[in-house]
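When a ligand or atom number is given, it counts from 1 through the structure's own listing order.
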Amino acid sequence: MSSASGEAERREIDERLAGATIGILGGTGAQGNGLGRRFAAAGHPVLLGSRVAARAQEAAGHLAAEGLSVSGVANADAAAADVVVVAVPYEGHESLLRTHAAALAGKVIIDCVNPLGFDRQGAYPLAVPAGSAAQEAAAALPDSHVVAAFHHVSAVLLADPEVIEVPTDVLVVGDDPQAVALVAALADQIPGMRGIYAGRLRNAHQLEALTANLISVNRRYSAHAGLRVTDV
Ligand SMILES: NC(=O)c1ccc[n+]([C@@H]2O[C@H](COP(=O)([O-])OP(=O)(O)OC[C@H]3O[C@@H](n4cnc5c(N)ncnc54)[C@H](OP(=O)(O)O)[C@@H]3O)[C@@H](O)[C@H]2O)c1
């Protein structure tokens, strides 16, 4: 691709993203709430979703009190946003997506779900019949553009208003190049982050599983570790 066409593509994505509302299914949890804070700080109206709207309203109230454009709604209303993030535990993931499949059709869906188990040795990746949570999402949402990203971002750092930059690269995988580029551009909007294309959706399993290693790093070193890809 020439740099001129690359710049034109980037402009088009920036225009698509400008003012886009971001809905977050499971926005009352640590990850969804933290991502909501950062997307709102980047200028997006954010709809935090919950199975119980009152819970989302309470969670959103804390962010709105800081002047961020965040509202709390039922998941069904969060699913009506322009771009939708799925931030629920793996166990509830597939059935939640099937419930909202019609509202999510035609949209870019960002899946950050890590199917993990925990035992006395620490975290480990679960075997997922579809290959990965992201592929399971794609099967549940055949009319959406599922992109997997934000698996390795620390919810603790995202939630901390005193953390101005969240230093990590966000590995982005997906089968629709435009959707992948949009999600990478969204990551770029968060200070400290870079969105980096890391392959097709069939490679989501490694990203999800790598989270188990990062949890081990965090436990050993009392850290909130991120990732950096060099020479890019
Ligand atoms: N925490 C992290 O640092 C981190 C980092 C990267 C990725 N992730 C991934 O992000 C996802 C969310 O993580 P989290 O730590 O925020 O999880 P969480 O707090 O346990 O759950 C998030 C929200 O999901 C909803 N939920 C719970 N069980 C559900 C079910 N069975 N069906 C539908 N919704 C359900 C709950 O909201 P309501 O009860 O209000 O509906 C809950 O507040 C996980 O898949 C995780 O692997 C987490």
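- Residues Asp188 and Arg194 meet the side-chain proximity criterion, which asks for heavy atoms closer than 4.5 Å.
- With atom 11 (C) of ligand 1 as the reference point, the heavy atom nearest to it among Leu97, Val156, Thr211, Val88 is part of Val88.
- Against a heavy-atom cut-off of under 4.0 Å, Ala155 is close to the following atoms of ligand 1: 1 (N), 2 (C), 3 (O).
- Cluster membership for Ile196 and Met193, using ILVMFWY side-chain heavy atoms within less than 4.5 angstrom, is not shared.
- A side chain to side chain donor-acceptor pair (under 3.5 Å) with Asp175 is found for exactly one of His145, Arg200, Gln135, namely Arg200.
- Of all the atoms in ligand 1, the ones that sit under 4.0 Å from a non-hydrogen atom of Gly26 are 22 (C), 23 (C), 24 (O).
- In terms of protein heavy atoms, atom 12 (C) of ligand 1 is closest to Ala87 O, 3.3 Å.
- Within the listing of ligand 1, atoms 38 (P), 40 (O), 41 (O) sit less than 4.0 angstrom from a heavy atom of Ser50.
- For atom 19 (O) of ligand 1, the closest non-hydrogen atom on the protein side is Gly29 CA, 3.4 Å.
- Of all non-hydrogen atoms in Ala20 and Pro45, the two that sit nearest each other are O-CD, 3.7 Å.
- Given atom 20 (O) of ligand 1, the protein heavy atom at minimum distance is Pro89 CG, 3.7 Å.
- At a 4.0 Å heavy-atom cut-off, ligand 1 touches Val153 through the backbone alone.
- Of the protein's non-hydrogen atoms, Gly92 CA, 3.5 Å is the one closest to atom 31 (N) of ligand 1.
- Distances from atom 42 (C) of ligand 1 to the heavy atoms of Asn114, Val113, Thr28 show the closest one on Thr28.
- Between the side chain of Asp82 and the backbone N or O of Thr21, at least one donor-acceptor pair lies under 3.5 Å.
- Atoms of ligand 1 lying under 4.0 Å from any heavy atom of Ala30, numbered from 1 in the order shown and given with element: 16 (O), 19 (O).
- Put simply, the side chain of Thr168 never gets that close to the backbone of Val153: no donor and acceptor are under 3.5 Å apart.
- Ala137 and Leu97 make their closest contact through CB-CD1, 3.5 Å (heavy atoms, listed as atom of the first residue, atom of the second, distance).
- Atom 29 (C) of ligand 1 has its nearest heavy-atom neighbour, among His224, Arg51, Glu91, His152, in Arg51.
- Those atoms of ligand 1 with a heavy atom of Cys112 less than 4.0 angstrom away are 7 (C), 8 (N), 9 (C), 10 (O).
- The backbone N or O of Ala133 sits less than 3.5 Å from a side-chain atom of Glu208, completing a donor-acceptor pair.
- Nearest to atom 6 (C) of ligand 1 by heavy atom, out of Glu58, Glu208, His151, Arg55, is His151.
- Residue His93 does not touch ligand 1, judged by heavy-atom distances below 4.0 Å.
- Contacts between Gln31 and ligand 1 below 4.0 angstrom, taking non-hydrogen atoms only, involve backbone and side chain alike.
- Each of Leu141, Ile109, Val146, Asn75 was checked for a side chain to side chain contact (heavy atoms under 4.5 Å, CB included) with Val86, and the lone residue meeting it is Ile109.
- With hydrophobic clusters built from ILVMFWY side chains whose heavy atoms lie under 4.5 angstrom apart, Val183 shares a cluster with Leu35.
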